[in-house]
Structures are given as C-alpha cells and as structure tokens.
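In what follows, a structure is listed as structure tokens, so that the remarks can point back to it.
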Amino acid sequence: MKPSAFDYFRPASLSEALALLAKYKDDCKILAGGQSLVPAMNFRLARPAILIDINDLGELDYIFADDNGLHIGALTRHAAFHRRVVDGPLGALLSKVARHIAHYPIRQRGTFAGSLAHADPASEWCLVATALNAAIVAKSIRGDRRISVGDFFNGTFATDLAADELLAEIHLPAMGPGWRTGFFEFSRRAGDFALGMALAALRIEDGIVREARLGVGGVADRAIRLESLEDGLVGHAASPELIDSIAREAWALVTPVGDIHASPEYRRDLIATAVRRALTEAAA
Amino acid sequence: MNWIGRSLPRLEDPSLLRGHGSYVADRIGKAASVRFVRSPLASGAITGIEIPPGATVFTGRDLSDVKPIQPILHRPDYIAIGQPVLPVDRVAFCGQAIAVVVAEDAALAEDIADQVFVDIDTTDAIVDLDTALAPGAAPVHPEAPSNVLVEGRMRTAGFDRAFADAAEIVALDLRSHRQSAAPMEGRGGLAEYDGVSGRVTLTASVQMPHMLRTGIADALGMPESELRVIAPDVGGGFGQKMSLFPEYIVLVWLARKLKRSVAWIEDRRENFTASAHGRDQAFSLRGAFAKDGRLLGLEADLRSNVGAFSCYPVTCGVEPLMALAELPGPYDLGEYGVRSRGVTTNTCMMAPYRGVSRPMLTFSMERLMEVAAKRLGIDAVEIRRRNLIGTFPHRSPTGLVYDEGSYLQAMETAVKAINLPAFRARQTALRKRNRHLGVGLSVFSERTGYGTPAYAARGMDIVPGYEIVDCTMDPSGNVVLRIGSSPHGQGLKTSLAQLVGDELGIEPQRIRVVSGDTDATPYGWGTFASRSMVIAGGASKLAAGQVAGKLKAIAAHLMEASPDDITLENGLARVSNSNRTTEIGALARAAYHQSHKFKGLSPGLHESAVYDPGGTFSNACHVAIVEVDIETGGVRIERFLVVEDAGVLINPMIVDGQIAGGVAQGIANALFEEMIYDENGNLLTASFADYLLPTSAEIPEIEITHMETVSPESVTKAKGVGEGGAIGAPAAVVNAIVDALSPFGIELFELPATPQRIREQLRKAGVSVHG
Ligand SMILES: Cc1cc2nc3c(=O)[nH]c(=O)nc-3n(C[C@H](O)[C@H](O)[C@H](O)COP(=O)(O)OP(=O)(O)OC[C@H]3O[C@@H](n4cnc5c(N)ncnc54)[C@H](O)[C@@H]3O)c2cc1C
C-alpha cells in the first residue's frame with residue numbers, strides 16, 4: 001500500500017507543465033485531485049516514474065458560462081457543482097449529478113477533468129459529457145486541440161489524449177430554459193460507482209419533445225449516447241407509453257458488461273429502469 | 001447498588017476520542033519494517049525463490065526449526081493439518097506468506113518484496129464447497145483425502161418416528177457466502193528485542209495476548225518467560241484477531257535472529273487475503289412439522305468451508321461444531337439428526353467471526369419457520385409461539401442446558417411494538433402504488449459466557465474458558481484490577497469499574513483496569529465469544545468481594561462492630577443503623593501500615609479470584625421493516641427493532657452500543673458483504689471498493705428494548721451480549737424482503753441478498769422491466 005518510487009514536479013505555470021509533459025511523455029502522469037490516481041499507485045496498479053502535479057495552476061481553476069455554454073477548467077473540483085454553477089436546467093442537473101459522485105471529502109479534491117481523463121465507464125461526468133455532447137480542449141506544446149466527446153473515449157480508462165497533452169477545458173453546450181432533465185443512478189451504497197445510470201434532457205414545447213438527449217453509463221466500456229432513441233422521442237409527447245417503449249428499446253439496444261456486482265442480465269434490467277426513470281423525471 | 005445500571009460515559013473514551021489512543025502503528029518508532037511476500041497463486045509447488053542481491057529476505061528454509069501451527073481437537077473425526085510458518089514446498093492459498101523482507105522503511109520493504117520472485121508450479125485450486133466435496137476431488141492436503149478436516153454427527157433415538165409422524169416436511173438449501181470481519185485496524189505487530197535480557201516484547205493488535213505468547217513460545221521452542229505480549233489499543237477484532245497467525249511467529253523469530261526491533265503493519269489487501277474469513281457455509285435442512293406447526297424433528301447437513309488451514313487455538317471445528325450443537329436455537333426441538341463437516345479448500349483460513357455459525361443457523365431456522373408457516377397456513381408469529389422454549393432449565397437435543405430466558409415474551413414485545421395490524425394495512429395500501437414493503441422477524445438464543453466445560457466438550461487440546469482477576473486496593477483506597485481478558489473497544493473497563501465500584505463502595509473513577517499485557521496480568525483467554533462481562537466480570541466481582549470482606553473486617557475492628565454490620569458505600573464504611581463511618585482510604589492505609597493490629601488477616605489488600613461458569617443463554621427478537629425496489633432489487637431498511645434479554649445491564653449505553661454495532665454487521669451480512677473468489681482461487685474483493693461495508697447511509701436507527709431475566713448461572717447476573725446483534729439481523733432482514741415480495745411468490749435462501757440476486761428471482765418470477 002505504498003507507491004513505488006517516483007519523481008515529483010509541481011509546475012507553477014501551464015507552459016511549464018506542458019514542457020514537462022512534452023519531455024517525459026509516457027513516463028509521467030498528471031496529478032490532479034489524486035482520487036483515482038493515488039489509490040491506483042498505492043495498489044501499485046499504476047507506477048508512473050514521474051508525477052506532474054497541476055494543483056498550483058490557478059489558470060486552470062475556472063468555471064464560467066457564456067452564450068456557447070459552460071466552460072469548465074481542469075482544476076474545477078466536483079464540489080464546485082454542489083451549488084448551481086449556472087442558472088437554468090444545466091446548473092440544476094450538474095448539481096444533482098455531483099451528489100452521486102463518491103463522498104463529500106473526495107468531491108473536495110477530485111476534478112471534472114480528471115474524471116474524463118481517467119475515463120472510468122461508471123463516472124457520472126463521463127455520462128454527462130457524452131449525453132450532452134461536450135467538447136474537450138487538449139493542450140500541448142504542439143498547440144490546442146478540440147476533441148468532440150464522440151471521439152474522446154476509447155474504452156475503459158482509455159482516451160484520445162496523447163501522452164504530451166493536458167486536458168485543459170471541458171465545454172458543455174448551453175441549455176436554454178425550455179430544457180428539462182432527469183437523472184437516475186443505481187449503486188450498491190451511497191457514493192459507490194453506478195451499476196447503471198441514465199441521463200435524459202428534453203426540450204419540450206407545447207407538450208411535444210423538440211430536442212432530446214439520452215445517455216446511459218456504468219454498463220459498457222464507456223458511457224453511451226442513445227441517439228436512435230433520442231430520434232424516437234422527437235416530435236412526440238413524452239407519454240408514459242412512449243417512455244416505456246424507449247426503455248424497452250434501450251434494454252434491447254445496449255449490450256452490457258458483467259462483473260462481480262452486476263451480471264449482464266442484471267445490468268440490462270438496470271438500463272431499462274434507469275432510462276424509464278430519467279425520462280419520466282425529465283418529462284414531468 | 002450504586003453504579004450498576006447507569007449509562008456512565010466510557011472511561012476509555014476521553015483518550016480514544018481525542019486521538020490519544022495508542023495502536024501498534026503508533027508505537028513502532030525506529031523499528032525496521034517487515035513486509036511479507038505472498039503467494040500470487042492458490043495452489044502449487046514452490047520450485048524456486050529468487051531474492052534480489054543484498055536484500056534481507058528470509059524464507060521457509062531459514063525458519064526450518066520453527067514448528068508449524070497445528071491446533072488439535074481430540075476427536076476421531078478430526079484431521080490435524082500443520083500450517084508451516086513460511087511454506088517450503090507448496091502454497092495452499094492465494095495470499096499465503098512465503099518469504100519475509102526486512103528493510104529500513106515500509107516503502108522500501110514493499111519495493112524489495114516486489115522483486116522477490118517465487119516460482120510456483122501451479123495446480124488446480126479447490127475453491128468452493130461443492131468442488132471440494134465432489135467425489136474424486138483432488139485433496140488440498142494429502143492428510144485429508146476427502147477434504148473433510150472435521151466431521152460431527154448425531155441422531156436422537158426417536159428421529160425416524162418424528163419424520164414418520166410429520167404432516168409436512170420442509171426441505172431447504174441455504175447458503176451464506178464468505179465474509180471478513182474487516183476490523184478498522186488490520187493486524188500488526190512490533191517485536192522489540194532487549195539486548196540486556198534477551199527478552200522479546202511483542203506488541204500486537206490481538207484479542208488473546210496470553211494465548212499468543214503460548215503459541216509463539218511453543219512454535220519457537222522458547223520458554224514463555226522470554227516473551228512478553230502487549231495488546232495496546234486495538235481497533236476492532238470481532239474474532240479475526242484471536243488466532244495465532246504465522247506473521248507474529250516470524251516477527252518474534254526475526255527480532256531474536258537480527259537482535260533488533262522489527263515491525264509489520266498489515267495493509268488492507270493483506271487483511272482481506274490472508275487474515276481470516278468466516279461464514280462460508282451451506283446448510284441443507286429438513287424440518288418435520290406436525291399439522292399444528294410444531295417442529296417434531298430436524299435433519300441437517302451442514303457444510304463449512306474452513307479454508308486452507310485450521311485456526312489456533314479454537315481449530316477449524318469452531319464453525320461446524322458450533323453449528324451442530326446450536327442449530328435448534330430458541331426452539332423446543334424433539335428429535336435431531338445432523339451431520340456437520342469442516343471442509344478444507346485453497347482459500348484463506350476460516351476463524352471465528354462475531355456470531356460464529358449462529359448468523360447462518362439463525363437465518364436457516366428462521367427461514368424454515370417462515371416457509372413451514374406458509375405451507376401449513378399458520379401465521380408466522382404463531383408458528384414460533386408454538387415452538388419457542390418456555391420452561392427452564394431447558395435441555396436441547398444436543399445436551400445444552402438453557403438457563404431462564406424470555407423467548408416468547410421478547411417476541412411478543414417486539415410484535416406489539418411494531419403494531420403488526422397497522423403495518424399490514426399500510427403494506428396493502430402501498431402495494432397498490434407499486435411500493436413493496438415487508439416485515440421480517442428473527443428470534444434466537446445466544447449462548448454466552450461459557451467456561452471450560454463447553455470447550456472441553458469439543459475435545460479441544462487447549463481448553464479456554466475461565467478468567468483470573470487480581471484485585472488490589474492501594475493504601476489510598478484506589479483499585480487496580482488486573483484481568484486476563486483483553487477488551488478492544490467494548491468498554492469493558494468501564495463496566496468492570498462500575499461492578500467493582502459497587503462491590504467496594506467507591507467511584508468507578510478510582511478503579512484502574514489493566515489488561516492486555518502478559519507481564520502485568522494473570523494468564524487469561526481474552527475477549528471473544530460474548531464472554532468478558534460474564535466471566536471476567538464474575539471473577540472481578542468475586543475478587544473485589546474478597547477485598548470488600550477484608551475492608552469490612554478492618555472496619556469492624558476499628559469501629560468495634562461486627563463485620564456483618566458494615567456496609568461499603570460512597571467511599572465510606574458505615575456501621576448499619578448508625579452514623580459511625582470510616583473512609584475506605586483510611587481502612588486501606590491501615591491494611592498496609594497497621595496490619596499488626598488485625599489478627600487473622602494477611603497484610604495489604606490483594607485478592608485473586610477465578611470464575612469458570614457453565615454458561616448462560618441470552619435471547620432476542622429482531623424485527624426489520626424494509627422496502628424493496630422491484631425494478632432494481634435495491635433494499636432500504638425503514639425500521640429495525642431489537643428486543644434483547646441479556647440479563648442485568650451493568651451499563652445500558654454500552655450494551656446498546658454492542659447491539660447497534662452487531663446489527664450493523666448483521667445488516668452487512670444480509671445485504672452487502674461478500675468475499676468472492678474466482679475459480680482459480682484469486683480473491684476478487686480485496687479492497688473496500690469491492691468488499692462493501694455498509695456506511696451510515698445504509699444503516700437505519702436501531703430501536704432497542706431490554707428485558708432483564710435474572711439468571712443464577714452468572715454471578716454478576718449479566719448475560720453476554722457481544723454477538724447477538726450480528727446473529728439476529730440477517731434473518732430479520734431477509735424475512736422482511738421475502739415478505740415484501742410475497743405477491744410474487746419469491747423465497748430467498750442466500751446471504752447476502754444482493755440487488756442482483758433479488759432481481760434475478762424477480763426476473764424468474766416474471767417481473768419484467770422491459771414490457
Ligand atoms: C472511494 C471513492 C469513490 C469514488 N466514487 C466515484 C463515483 O461514484 N463516481 C465517479 O465518477 N468517480 C468516483 N471516484 C473517482 C473520483 O471521482 C476521481 O476524483 C476522478 O475519477 C478523477 O479525478 P482526479 O482529479 O482525482 O484525478 P486524478 O486521480 O488525479 O487522475 C486520474 C487520471 O487522470 C489523469 N488526469 C487528471 N487530470 C488530468 C488532466 N487535466 N489532463 C490529462 N490527464 C489528467 C491522471 O494522470 C490520472 O491518470 C471515487 C473515488 C474514490 C476514492
């Protein structure tokens with residue numbers, strides 16, 4: 001339960017951090033909140049030779065909304081979302097979701113960007129980013145790169161980030177007042193990773209769904225956006241019958257993974273239930 | 001009676017709550033760090049061990065003089081298996097210590113351990129009960145060709161007739177999955193070498209310091225006088241810390257070999273893989289019921305997976321033989337036929353864990369009662385009423401004698417408290433809204449505070465049971481109580497101080513209890529098996545009573561009265577019906593400094609007493625009300641109620657704490673905790689991310705009501721209470737889940753009842769979530 005030996009850098013500026021990343025590439029790892037990396041190091045599952053601690057980079061500690069949506073800097077902690085970071089449905093959704101992430105002390109350190117970079121398939125933020133079609137800004141000494149979320153996750157603990165890149169910002173599209181959201185998660189205990197969860201966002205006008213976002217997480221090697229089911233919602237009233245049929249389709253569509261806490265059959269059941277409950281909440 | 005019965009704040013707490021507790025890891029100072037290299041495989045032959053050059057590493061070959069750990073039961077059906085301290089030729093479970101590294105700090109020791117390569121020719125691992133018992137299964141140990149290490153059987157004379165007369169025979173297969181006691185503090189030891197005397201002091205996180213000294217001294221072939229064992233503050237044990245583990249023997253061996261101090265602080269993964277497990281049991285029951293619901297006879301085939309080795313000193317018989325002897329529990333069972341086996345596998349050793357077999361046997365009997373009630377069309381409370389023990393002393397078919405208890409009354413009190421008719425009305429109303437609530441009952445007996453006869457009956461080579469207490473009052477009238485028992489969080493020091501305070505007429509704050517140091521306490525057995533309040537308490541009361549007798553004699557002499565007329569209270573000796581008093585401190589001073597005056601009395605105030613009782617049965621009824629989400633299989637406990645009878649309560653707050661903690665572990669047993677091995681014997685739940693302890697969010701408030709049956713079997717009138725919470729809760733919770741799901745006709749026979757298991761049953765019953 002002691003990590004293997006490593007060297008430690010605590011750069012004072014982003015450019016210094018990027019230079020270190022460019023120099024050490026695969027030999028180094030970024031240390032953000034440490035809530036996933038440090039346990040992995042203590043178990044010696046991760047043995048980085050060099051840690052680059054980004055916690056002094058005040059320039060990455062920001063969160064702001066503009067007309068394009070919400071910009072989340074790399075040092076934004078989970079706890080920042082306890083309160084609504086932006087007026088309207090998005091701020092409310094993020095605040096609700098944040099409470100499902102781990103426990104209070106962990107939320108004080110763990111970061112939104114760290115969750116995405118870590119790419120745990122059961123991470124709530126990965127589901128949020130996927131379902132809401134986030135964009136990710138990666139920086140390196142080679143320049144900036146904007147990655148659409150659809151291209152970002154490559155599987156469990158695997159992303160499109162290159163060894164010299166730092167995930168600098170997440171950009172979530174704006175959500176106008178016409179949007180309503182729903183989120184449902186099932187986990188064994190308060191604060192555990194989800195065994196299955198779903199996020200739904202509907203823009204409803206005159207009782208008719210005009211736009212829809214629907215995603216599930218914790219069930220496969222990455223969060224999944226269910227675009228075909230979104231299409232099935234648009235142009236209709238989100239009636240209990242329609243929601244039931246969407247949940248049924250989700251049950252059939254997703255091929256879940258199994259582990260000691262949830263067999264594939266069980267996860268499949270959770271997907272249907274989570275989708276039904278998230279949509280029901282959004283439609284209410 | 002002054003202090004008994006008061007919820008006195010615990011004398012232990014000011015230091016523990018302020019962070020002044022002193023655990024092994026707080027004491028290691030400059031000792032060298034020890035790290036064990038552990039087997040990555042469950043079964044195989046060791047063909048080579050590669051040690052990095054220059055490193056201080058020892059293997060089984062270096063320790064060839066050390067005797068294996070080989071606990072003995074004197075019974076023909078027991079096969080003794082020796083556990084080598086470090087194996088030379090083969091490994092028997094994943095996590096078994098193979099070599100030991102000594103380095104200047106813990107990180108370095110771990111680095112070196114990482115570079116020790118062990119070559120193992122792997123063989124197929126035997127992991128679960130069914131594989132181990134299958135005909136033709138490979139033996140885990142050559143000494144035990146059938147993989148059965150211990151087997152007990154009995155059958156009463158009228159057994160066949162009971163089954164012939166039965167109106168209904170209910171057959172059930174029940175399963176409890178493996179668990180860990182998961183104490184907050186893992187194991188750990190500091191072995192300090194004294195260069196002058198050559199003695200070693202082992203400070204270790206243990207429940208049985210004296211037993212540890214005996215076991216280590218035997219293994220190393222040294223006299224016990226050369227070893228001192230200290231149990232400092234211990235962060236929980238629950239039975240896991242009452243066995244002799246190879247690591248402690250190695251620590252003492254290292255200290256003597258290297259002539260320096262060495263320390264090992266176990267990490268969580270070691271605790272999960274290599275400490276001790278329990279509750280891996282499969283029971284098959286057949287209950288023969290009369291038409292009126294009376295249980296005429298019971299047939300049981302009980303299998304316990306005891307892992308790779310036998311725990312010292314209680315042996316791998318502890319689960320199977322406890323199950324055999326106590327299965328009938330609170331029920332007045334006529335005829336009984338049982339076979340109980342302890343089965344060895346390539347998994348971590350089984351050792352006692354709070355409740356030992358009784359959570360599973362209570363679960364089994366309480367499920368049996370529920371199923372029988374349904375089949376016979378009798379109310380679940382009524383069927384228990386017709387079977388509970390009501391006359392005392394009661395003799396069970398296995399020969400256990402139950403002292404007086406309140407089996408029926410406790411259940412009636414609990415049923416009344418939850419207002420069953422009102423609950424049923426609410427349940428019906430909520431079902432219409434697709435909400436599924438259920439209520440579950442669990443009635444049980446808890447055999448506690450048993451002395452040597454109970455252990456001798458098992459055929460144990462080492463027979464624990466008694467406790468010795470030394471009680472000394474110093475010249476200022478304050479008391480030191482030296483006990484062989486070894487409390488580790490139970491608040492025993494407070495309870496004993498209250499007991500002795502009443503005996504001597506002084507405040508508990510004037511009584512210091514010394515435990516957990518073999519140099520400073522009489523030989524004793526430790527704290528386990530719900531025994532310390534009854535047995536160490538009994539011996540304390542007797543020893544303090546002797547000191548009180550002496551004080552009264554001195555007081556009588558000084559105040560010219562008869563000793564029978566002296567009472568000790570509020571720090572004073574008083575002549576009854578008078579206002580003549582003397583301070584107890586003055587009497588104590590006289591006992592030491594004026595001893596020439598008191599003819600027939602030995603100087604000083606120093607008494608010793610032994611207590612070795614037959615045992616006393618506590619009893620309780622637990623009730624759970626749960627809500628089940630039929631779509632996720634999730635369970636929320638809405639209410640949990642305990643009606644408990646543990647005799648006279650010395651400190652009610654401490655008793656409530658014992659019950660609440662036990663219930664939390666029982667709820668964990670019912671819903672959360674499960675040690676899972678894959679088919680190769682790798683532990684898949686080796687961290688708290690996968691081995692799920694409930695948190696405060698999952699545990700409801702626990703409502704506790706007490707009954708106080710006064711038993712002649714305990715000199716303090718207290719019965720044991722340490723394990724009951726853990727014993728009763730699983731059955732109550734699962735019965736409640738089954739009640740909630742009764743519209744779907746679902747029965748559950750497996751612990752823990754996890755969401756996916758519940759959902760699987762629902763799916764089979766046609767409760768679909770997809771249309
Ligand atoms: C008990 C417990 C329960 C938890 N439960 C949950 C839960 O329910 N849901 C959940 O989502 N998470 C949970 N977590 C994980 C937690 O949310 C982590 O904080 C999060 O996954 C990682 O964020 P971090 O800032 O701590 O990253 P770190 O642990 O510091 O890093 C994680 C990985 O991301 C990389 N990284 C971090 N930041 C960047 C960056 N800016 N650019 C490039 N790479 C980067 C690191 O190099 C490392 O590989 C839990 C953690 C614990 C300990």
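First the proteins, then the strands, lettered A, B, ... as listed; each starts at 1.
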**Report entry** Pairing of A:Arg276 and B:Glu631 as salt bridge, 4.0 angstrom limit
**Finding:** yes
Under a 4.5 Å heavy-atom cutoff, which of [options] has the most pairs with chain A?
options	result
B:Gly634, B:Ala107, B:Ala689, B:Pro755	B:Pro755
B:Leu108, B:Leu693, B:Asp678	B:Leu693
B:Leu671, B:Thr685, B:Asp111, B:Val635	B:Asp111

Query - Pairing residues for B:His436 by the ring-ring contact (aromatic ring centres under 6.0 Å, His included) criterion, not counting sequence neighbours - result: B:Phe744
Requested in this report: Pull out the residues in residues 264-272 of chain A that come under 4.5 Å of chain B, heavy atom to heavy atom, sorted by number.
Outcome: A:Glu265, A:Tyr266, A:Asp269, A:Leu270, A:Ala272
Report task. Using heavy atoms and a sub-4.5 Å threshold, report which of residues 220-240 of chain A line up against chain B, by residue number. Result -> none
Report task. With the side chain counted from C-beta on, respond yes when A:His261 and B:Leu692 share a heavy-atom pair under 4.5 Å apart, and no when they do not. Result -> yes
Report task. Answer whether the closest heavy-atom distance between the side chains of A:Arg188 and B:Thr754 falls below 4.5 Å. Result -> yes
Atom [atom1] of [X] and atom [atom2] of [Y]: how far apart are they, to the nearest 0.5 Å?
X	Y	atom1	atom2	answer
B:Asp690	A:Asp259	CG	CG	8.0 Å
A:Thr273	B:Asp629	OG1	CG	7.5 Å
B:Leu684	A:Ile260	CG	CD1	5.5 Å

Report task. Classify the side-chain pair A:Asp244/B:His770 by whether it contains a donor and acceptor separated by less than 3.5 Å. Result -> no
Query raised in the report: Looking at A:Met1, A:Glu249, A:His103, which makes the most heavy-atom pairs under 4.5 Å with chain B?
Result: A:Met1
Query raised in the report: chain B heavy atoms under 4.5 Å from A:Ala247: which part of the residue, side chain, backbone, both or neither?
Result: neither
Query raised in the report: What part of A:Phe43 lies closer than 4.5 angstrom to a heavy atom of chain B: side chain, backbone, both or neither?
Result: both
Query raised in the report: What part of B:Ala697 gets closer than 4.5 Å to chain A, counting heavy atoms only: side chain, backbone, both or neither?
Result: side chain
Query raised in the report: Of the backbone (N, CA, C, O) and the side chain (C-beta and beyond), which part of B:Ala109 lies under 4.5 Å from a heavy atom of chain A, both, or neither?
Result: neither
For [X] versus [Y], what's the shortest heavy-atom pair and its separation?
X	Y	value
B:Phe672	A:Arg189	CE2-CG, 3.7 Å
B:Ala106	A:Lys2	CB-CE, 3.8 Å
A:Ala190	B:Glu698	N-OE2, 2.7 Å

Requested in this report: Show your reasoning for whether salt bridge (charged side-chain N to carboxylate O under 4.0 Å, His left out) applies to A:Arg44 and B:Glu110.
Outcome: CA-CA 10 Å; A:Arg44 299 196 171 204; B:Glu110 200 167 334; 3.3 Å; yes
Query raised in the report: Is atom CZ of B:Arg268 surrounded by more than 12 heavy atoms (other residues, nucleotides or ligands) closer than 6.0 Å?
Result: yes
Requested in this report: Report the residues that fulfil side chain to side chain donor-acceptor pair (under 3.5 Å) with A:Arg47, sequence neighbours left out, ordered by chain and then residue number.
Outcome: B:Asp114
Requested in this report: Among B:Gln756, B:Arg757, B:Arg759, find the one that has a side chain to side chain contact (heavy atoms under 4.5 Å, CB included) with A:Ser263.
Outcome: B:Gln756
